[in-house]
Amino acid sequence: MANQQDTVYDQTIERLKAKGIRITPQRVAIIRFMIASVAHPTAEMIYAALAPDFPHMSVATVYNNLMLLIDLGLVEEMNIGDVATHYDFALAPHYHAVCTNCGRIVDFVYSGMSDVENVAAGKTGFAVTGHHLEVYGLCPDCQRKLKLTNTKPAVTA
Ligand code: ZN
Ligand code: MN
């Protein structure tokens, strides 16, 4: 995985250079953090993680870099019903399971949805450019916390 992340990082830096965008240490740190993260962080979470290394960085710097990466199609903005916007580095197409208790967002891949854009185009006449799918529920930790794992009655002899 580390090699794949390095490749994505190199490609990202090449894209930025090709656009004449300056490669600053803060920008590098934000890009590396986003590529490595599986947590779908908010701007505040990214800021909190990087602030110890960049004491002069502001949350606005994080936002500006996220907007830049969104414009380039490298990062996706996620609005999943809670107040804060989450961000996801667009490595490969995938879907999200969202915990309604703790807000955790977990990636999953499912190829069975590949048809949905054709169906939507056929039924609506839209020139479809993409789709999103979120499923909602309780993550394993929250199921345990809320003691919902042992809902089946215990077997008695
Ligand atoms: Zn949870
Ligand atoms: Mn994701």
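As the structure is a computational prediction, the values presented were derived from the model and not from experiment. Just follow the structure's listing: the first ligand is 1, and inside any ligand the first atom is 1. This chain uses plain numbering: 1 for the first residue, then up along the sequence.
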Checklist line | Angle in degrees, rounded to 10°, that SG of Cys102 and SG of Cys99 form at the Zn ion (ligand 1) | finding: 110°

Item checked: Gap between atom CE of Met78 and atom NE2 of His40 - 0.5 Å precision -> 5.0 Å

Note to self: Centre-to-centre under 6.0 Å for His132 and His96, is that the case here?
What the structure shows: no

Next item on the list: Kindly give the atom name of the N, O or S atom of Asp88 closest to the Mn ion (ligand 2).
Entry: OD2

Checklist line | the Mn ion (ligand 2) - name of the N/O/S atom of His96 that sits closest to it | finding: NE2

Check: Does Tyr110 OH have over 12 foreign heavy atoms under 6.0 Å away?
Finding: no

Next item on the list: To the nearest 10 degrees, could you say what angle the Mn ion (ligand 2) makes with NE2 of His40 and OD1 of Asp107?
Entry: 80°

Check: Can you say whether the rings of Tyr87 and Tyr63 are parallel (under 30°), tilted (30 to 60°) or perpendicular (over 60°)?
Finding: perpendicular

